[in-house]
Structures are given as structure tokens and as C-alpha cells.
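Throughout, protein chains are lettered first and strands after them, A, B, ... in sequence-line order, and every chain is numbered starting at 1.
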There are 2 protein chains.
Amino acid sequence: MNIGDAARASGVSAKMIRYYEDTGLIPPAARTAAGYRVYAEQDVHMLRFIRRARDLGFSVEGIRELLGLWRDRDRHSADVKRLALAHVAELRQKIRELEDMASTLETLAECCHGNDRPDCPILSELEAPGADGAVPAKRAGAIKALPATGRRQGPRS
Amino acid sequence: MNIGDAARASGVSAKMIRYYEDTGLIPPAARTAAGYRVYAEQDVHMLRFIRRARDLGFSVEGIRELLGLWRDRDRHSADVKRLALAHVAELRQKIRELEDMASTLETLAECCHGNDRPDCPILSELEAPGADGAVPAKRAGAIKALPATGRRQGPRS
DNA sequence: GCTTGACCTTCCCACCATGGGAAACCCCAT
DNA sequence: ATGGGGTTTCCCATGGTGGGAAGGTCAAGC
């Protein structure tokens with residue numbers, strides 16, 4: 001199986017498969033005499049594992065740990081659980097931050113007439129925040145525009 | 001006022017002020033004979049505006065639009081409101097995706113004994129998803145490790 | 001005046017995960 | 001043998017942010 005077939009079968013793009021190999025997330029693939037990477041069902045299995053972990057929002061580093069446990073037949077499920085719950089905590093933290101932003105902004109928008117006049121409480125608040133601390137004090141980064149949802153190189157869509 | 005002072009006064013790091021200038025988000029600052037950037041209160045005002053918009057999760061491009069409206073005395077508050085509500089919708093969308101991930105993972109974790117035995121439903125699900133579609137089909141990117149919350153160059157902390 | 005330390009300048013590099021594209025090569029079917 | 005589609009490596013871009021080096025500047029204290 002060539003890399004393109006593995007990509008289609010796993011839902012991980014060929015580009016990313018090479019990247020995962022480069023960064024040591026997955027072991028180097030076998031090669032044909034001509035240098036083509038060759039994949040077996042087992043490799044596709046692993047790629048699918050990775051793909052699903054990404055779908056659950058794990059970072060590549062997180063996946064590295066998950067893969068370690070996956071391959072370790074003597075693993076303790078407690079370790080997996082700990083990893084998973086730590087990730088859930090991160091997700092919930094992020095959700096809280098986004099929710100704070102959204103509700104603040106929504107509140108401001110509700111106060112805005114939304115007509116053809118220039119006065120606008122949203123801009124006023126950005127100019128000089130009210131003492132009510134409507135704008136949260138903490139940074140959490142912009143909304144990383146949802147990276148093109150939907151598998152880009154998935155099984156022939 | 002030099003760039004360091006403007007940074008402290010606005011909560012935007014000197015690095016980022018230069019970056020915003022480079023990318024045209026803010027106009028080029030005046031310079032001393034020696035080439036030092038010089039800022040007036042008005043510039044700090046604008047930087048604070050930017051800073052607060054970032055705190056609300058706006059992207060730099062979004063801020064570019066906000067700044068345009070801010071500077072336009074003939075703006076329609078409806079345009080500001082539309083921008084704000086569109087951003088709220090983005091935030092809520094992202095929240096939904098993260099919430100899906102978190103709840104899926106939490107459910108799986110609840111089913112995991114979390115002991116010293118190797119069998120673990122979390123890994124099983126990653127290996128081969130149950131037909132219940134526990135793993136969401138869409139990608140939303142990993143959790144971009146919360147970028148160092150707290151103003152890094154804030155007003156003399 | 002001279003030194004010292006804090007500041008400023010530009011330029012390059014790194015992160016993370018992903019895609020785009022070029023130049024070259026390979027394989028298979030007609 | 002030719003053409004089309006696969007593959008290889010390599011470089012570049014994204015977005016926002018920081019780190020750091022090499023060199024210029026300024027102000028305070030001696």
C-alpha cells in the first residue's frame with residue numbers, strides 16, 4: 001500500500017503522514033527499492049488511532065503519550081484515564097474562556113441599537129472598559145478559525 | 001513616549017506593537033532623529049482598543065474592521081453589531097465543538113476502571129470507534145495550549 | 001568627558017499543525 | 001514510448017507570539 005492509499009484508508013493526509021514520520025510520532029515506513037513508502041494494514045490502524053485522537057482534540061504530544069500506552073501491553077488503564085481527564089480539563093478551561101468572551105460580547109451587542117447612527121456601546125467598551133469589568137482581564141487568543149472541518153484527504157469523500 | 005512606555009501603558013508588548021505596524025494594523029509611528037518610535041496618548045488609546053478586542057477573541061483581521069469603524073465617525077452602529085454578533089457565533093461554534101470533544105472523552109473516561117489493568121475503553125474507542133459515533137466526525141484542531149494568559153507586558157504589574 | 005546599564009533598532013528563528021507547490025522521479029496502461 | 005497519475009524531497013505560508021543576537025542611543029552618575 002502506497003502513502004496515498006494509506007491516507008485514504010486512514011483519513012490522515014499524505015502530508016501529515018510524512019510529518020508524523022519526520023517528527024517521530026510514527027516509526028519510519030518501509031520503503032520500496034524506488035523509495036516509495038509502504039504501509040500495511042497495521043500502519044493504517046495506527047494512523048486511524050491518531051486521526052481519532054486528533055478528532056478528540058489531543059495535541060500531537062498528547063497523542064505521543066497515548067500511542068505509548070496503546071503499544072504498552074502492561075499499561076495501567078489508570079494512566080490512560082488520567083491523560084484523558086487532564087485533556088478534558090483543558091478543554092473545559094478553554095470553553096470557559098470562550099464562553100466568557102461570547103457572553104461579554106453578546107451583552108454589549110444587546111445594548112447596541114444596531115441602527116444607522118454611530119453611537120455604539122461595543123466600541124465604547126473597547127475604547128474604555130466600564131468599571132464592571134465587562135472585558136475579561138485574561139488573554140486566551142483569538143479563535144483560530146476552525147481549520148477547515150471535514151476530512152480533507154479522507155476516504156474518497 | 002518610547003515603545004516600551006507605550007507597551008506598559010497599553011498592555012500590548014513592544015514586539016506586538018512593531019508587528020501591528022509591520023502588518024498595517026496601525027499606522028507607522030513617528031520617529032526621533034535616532035530612529036526611535038514615538039507614541040502619543042492617542043496611540044496608546046488605540047493600542048488599548050486593540051488589546052481589549054484581542055481579549056474578546058477577535059482576530060487581527062477582525063480588529064482591522066473594528067478599527068475602521070472606530071475611526072469612522074459616520075459609521076452605523078448596525079455594522080459594529082453585525083461584526084460583534086458574527087464573532088459571537090464563531091465563538092459559540094467553537095465552544096460546541098470543544099464541548100462535543102469533552103463530553104465524548106468524559107463519557108469514555110467514566111467507563112474506564114482506572115486501575116492497574118491494561119484494558120481500557122478509551123483506547124478501544126480510539127482503536128475502533130463504536131457504531132454510536134462517540135468520536136465526532138469533524139476536525140476542529142487541537143487545543144492550542146492557552147497562550148500564556150495574563151498580560152505579559154501589562155501596565156507595570 | 002567617559003562608563004555603564006537600560007533602552008531601542010532590525011533581522012532571523014521558533015512554536016503548532018496543516019496545506020500549497022515545484023522539480024524530479026517512478027510506475028503502469030495503452 | 002508516451003502520458004497521466006502517483007511519489008519523493010524541499011521550501012514557503014499561515015497566525016500570533018516570544019526569544020535572542022548584533023548593533024545603535026540615551027541618560028545618569030562619576
Side-chain angles (χ1 to χ4, degrees), chain A residues 1-8 11-26 28-39 47 50-51 53-64 90 94 138-154 156, chain B residues 1-8 11-26 28-39 47 50-51 53-64 90 139-154 156:
Chain A
M1 196 170 9
N2 283 344
I3 198 171
D5 306 299
R8 273 179 290 273
V12 178
S13 75
K15 277 267 193 206
M16 291 313 298
I17 295 176
R18 296 195 195 97
Y19 170 74
Y20 292 152
E21 184 182 317
D22 280 352
T23 56
L25 184 65
I26 58 179
R31 302 278 189 139
T32 66
Y36 279 27
R37 288 176 180 80
V38 182
Y39 297 88
L47 288 171
I50 293 171
R51 171 67 204 259
R54 295 287 297 135
D55 285 347
L56 284 175
F58 282 94
S59 69
V60 168
E61 278 319 299
I63 294 174
R64 203 180 296 273
E90 267 188 19
K94 187 74 178 177
K138 302 209 146 199
R139 282 294 315 283
I143 302 315
K144 182 180 205 180
L146 323 179
T149 70
R151 45 196 71 186
R152 290 165 279 285
Q153 290 231 13
R156 60 189 72 263
Chain B
M1 196 167 13
N2 283 342
I3 199 172
D5 306 298
R8 274 180 290 273
V12 178
S13 76
K15 277 269 195 207
M16 290 314 296
I17 295 177
R18 294 196 196 97
Y19 171 75
Y20 293 151
E21 183 182 318
D22 279 354
T23 56
L25 184 64
I26 58 179
R31 302 279 187 140
T32 67
Y36 280 27
R37 286 177 182 80
V38 182
Y39 297 89
L47 288 170
I50 292 171
R51 172 64 204 260
R54 294 288 296 137
D55 286 347
L56 284 175
F58 281 94
S59 69
V60 168
E61 279 318 300
I63 294 174
R64 203 180 297 274
E90 268 188 19
R139 282 296 314 284
I143 299 316
K144 181 181 212 178
L146 322 179
T149 73
R151 45 195 72 186
R152 292 164 279 286
Q153 291 231 12
R156 59 190 75 264

Separation of D:dT7 C1' from A:Ile17 CD1 (nearest whole Å): 13 Å
Value in whole Å for how far the P atom of D:dG19 lies from CE of B:Met16: 13 Å
Interatomic distance, B:Tyr19 OH vs D:dG16 P [rounded to whole Å]: 6 Å
Presence of B:Tyr20 side-chain N/O under 4.0 Å of D:dT17 phosphate oxygens OP1/OP2: yes
Rounded distance in Å - CD1 (A:Ile63) to C1' (C:dC16): 12 Å
Nearest non-hydrogen partners of A:Val60 and A:Tyr20, listed with the distance: CG2-CE2, 4.1 Å
d(CZ, B:Arg54; P, D:dG15) in whole Å: 11 Å
Heavy-atom pair of closest approach, residues B:Ala6 and B:Leu47: CB-CD1, 4.3 Å
Closest approach of A:Ile63 to A:Ala53 (non-hydrogen atoms, all atoms of both residues): CG1-CB, 3.6 Å
B:Glu61/B:Arg64 ion pair, N-O < 4.0 Å: yes
Whole angstrom value for the distance that separates C1' of C:dT18 from CG of A:Leu25: 15 Å
Per-nucleotide protein contact string for nucleotides 2-12 of chain C, where B marks a base within reach and S marks sugar-phosphate only (heavy atoms under 4.0 Å, - for neither): -----BSBBB-
Nearest heavy atoms of B:Ala14 and B:Ala7, plus distance in Å: N-CB, 3.7 Å
Between D:dT17 (P) and B:Ile50 (CD1): distance, integer Å: 11 Å
SB check B:Arg51 B:Asp55 (cutoff 4.0 Å): yes
